[in-house]
Amino acid sequence: MTLLSISDVTTGYGPTVVNRNVSLTLQENEVITILGPNGAGKSTLLRTIVGLVKPRGGTVIFNGEDLTGRTPDILAKRGVVLVPEGRRIFAEMTVGENLRLGAYARTDTEAIEADVGTMEAFFPILATKRHQKGGSLSGGQQQMLAIARGLMARPRVLLLDEPSLGLSPLLVKEIQAIILGIGKQFGASVLLVEQNAGLALSVATRGYLMQNGRIVTSGPIAELKDMSLMRELYLGGITEQAS
């Protein structure tokens with residue numbers, strides 16, 4: 001079943017066009033990835049999907065409903081949640097407060113508290129840090145908190161923007177395991193934007209390659225790995241990272 005469908009989306013900032021007629025689909029219980037060089041328009045596309053940037057054309061269809069241009073709170077209530085690049089946790093709030101903030105659109109108080117426990121079980125380090133301020137956590141711990149905060153909204157689609165940015169290879173392995181576990185543990189599909197091609201190709205079943213704001217090719221991961229364009233962009237190292 002197609003859960004998210006992006007069709008011919010064009011968007012940008014001021015006079016600058018960033019995304020040009022971008023189309024992709026995400027199925028239920030699937031992990032897909034968008035790859036491409038810096039400046040290709042990947043993050044802007046994610047921001048457009050969740051309503052942070054208004055599209056100039058095209059449609060965003062989620063679960064059969066046209067949500068094009070709707071606000072982020074509406075998207076979150078429907079089940080489409082972005083974990084932004086750079087984590088953007090609230091440094092002066094505790095880990096527990098950050099988690100509860102992720103459920104801001106929910107009113108089921110008892111279930112929210114139960115979900116905090118679920119997050120602490122899935123991310124054990126957060127349980128030991130629940131009363132510490134978010135700003136005191138390491139980079140890897142902050143990324144786990146950012147993902148857990150996104151999951152507190154009970155999304156059906158989780159958009160992850162560069163979750164491995166600035167992390168050591170060991171922590172990238174942890175993020176890899178977390179992404180692989182999201183579908184099984186939380187029933188969410190994942191749309192991953194990631195500069196670390198090895199990580200992206202190790203967790204996704206399908207991928208889209210973006211250049212200059214356009215999707216230039218797409219397909220199953222096995223096919224993408226064999227494409228000359230992929231080898232050119234990632235210097236043949238895509239199978240050695242996060243394998």
Side-chain angles (χ1 to χ4, degrees), residues 1-7 9 22-34 42-53 55 58-85 87-88 98-123 143-163 175-194 200 203-208 218 221:
M1 171 186 170
T2 299
L3 196 55
L4 181 68
S5 178
I6 313 303
S7 299
V9 164
V22 174
S23 298
L24 60 82
T25 60
L26 175 64
Q27 307 299 313
E28 203 163 14
N29 300 315
E30 184 180 37
V31 178
I32 67 170
T33 186
I34 304 174
K42 306 182 299 296
S43 294
T44 296
L45 180 62
L46 296 191
R47 290 169 59 82
T48 302
I49 291 171
V50 298
L52 290 168
V53 178
T59 58
V60 176
I61 307 294
F62 171 69
N63 199 30
E65 182 180 4
D66 189 344
L67 296 178
T68 310
R70 303 294 292 273
T71 57
D73 61 314
I74 296 296
L75 269 295
K77 288 177 181 178
R78 294 295 193 276
V80 183
V81 174
L82 171 65
V83 178
E85 179 182 355
R87 298 144 199 165
R88 299 188 189 177
N98 268 278
L99 287 175
R100 290 173 179 85
L101 190 62
Y104 75 95
R106 295 171 53 186
T107 57
D108 49 342
T109 305
E110 290 186 6
I112 289 171
E113 291 307 308
D115 283 353
V116 170
T118 299
M119 295 308 153
E120 291 182 344
F122 191 69
F123 302 89
Q143 186 62 69
M144 292 178 195
L145 177 57
I147 295 172
R149 183 181 61 187
L151 289 168
M152 284 294 296
R154 290 191 172 178
R156 293 186 66 189
V157 171
L158 190 67
L159 311 181
L160 298 178
D161 194 359
E162 303 285 4
I175 296 300
Q176 178 189 39
I178 287 167
I179 295 172
L180 289 171
I182 285 174
K184 181 181 296 185
Q185 182 73 25
F186 301 101
S189 296
V190 176
L191 172 51
L192 171 68
V193 160
E194 180 56 67
V203 298
T205 55
R206 292 188 300 117
Y208 294 81
S218 64
I221 291 303

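Using a 4.5 Å heavy-atom cutoff, the side chains of F62 and I49 are not in contact. Contact annotation: the side chain of Q185 approaches that of T118 to within less than 4.5 Å [non-hydrogen atoms, C-beta and beyond]. Contact annotation: the side chain of L45 never approaches that of V193 to less than 4.5 Å [non-hydrogen atoms, C-beta and beyond]. By the 4.5 Å heavy-atom criterion applied to side chains, F123 and L99 are not counted as neighbours. Counting only heavy atoms from C-beta outward, the side chains of I178 and F122 approach each other to under 4.5 Å. For the pair V83 and P163, the minimum side-chain heavy-atom distance is 4.5 Å or more.
Within 6.0 Å of the CD atom in E110, the count of heavy atoms belonging to other residues, nucleotides or ligands does not exceed 12.
Here the closest heavy-atom approach between residue R154 and residue A111 is recorded as NH2-CB, 3.8 Å. In this structure, T68 and G58 approach most closely via the heavy-atom pair CG2-O, 3.5 Å. Here the shortest heavy-atom pairing between P155 and G150 reads CD-O, 3.5 Å. Across M152 and A103, no two heavy atoms sit closer than the pair O-CB, 3.8 Å. Taking all atoms of both residues into account, the shortest heavy-atom contact from R106 to D115 is NH1-OD2, 2.8 Å. Here the shortest heavy-atom pairing between V50 and V80 reads CG1-CG1, 4.1 Å.
Judged by distance alone, the side chain of T25 and the main-chain N or O of S5 form no donor-acceptor pair under 3.5 Å. Put simply, the side chain of E194 never gets that close to the backbone of E162: no donor and acceptor are under 3.5 Å apart. In terms of modelled atom types and a separation under 3.5 Å, the side chain of R78 and the main chain of N63 share no donor-acceptor contact.
The line from CG of L4 to CG of L24 is 6.5 Å long, rounded to the nearest 0.5 Å. From L46, atom CG reaches atom CG of D161 across 5.0 Å, with rounding to the nearest 0.5 Å. Of the inter-residue distances, the one linking I175 atom CD1 with L192 atom CG reads 10.5 Å to the nearest 0.5 angstrom. Going from atom CD1 of I61 over to atom CG of L67 covers 7.5 Å, rounded to the nearest 0.5 Å. In this structure, OH in Y104 is found 7.5 Å from NZ in K77, a value given to the nearest 0.5 Å. Atom OG of S189 is separated from atom CG of L158 by 10.0 Å, given to the nearest 0.5 angstrom.
Under the salt bridge (charged side-chain N to carboxylate O under 4.0 Å, His left out) criterion, R206 pairs with E30, not counting sequence neighbours. With sequence neighbours left out, T59 forms a side-chain hydrogen bond (donor to acceptor under 3.5 Å, both in side chains) with no residue at all. Residues passing the side-chain contact (heavy atoms from CB on, under 4.5 Å) test with A204 are V31, T33, I221, sequence neighbours excluded.
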Residues L82, L52; criterion side chain to side chain contact (heavy atoms under 4.5 Å, CB included); working and verdict
CA-CA 10 Å; L82 171 65; L52 290 168; 4.0 Å; yes

Please lay out, stage by stage, how V22 and Y208 fare under the test side chain to side chain contact (heavy atoms under 4.5 Å, CB included).
CA-CA 10 Å; V22 174; Y208 294 81; over 6 Å; no

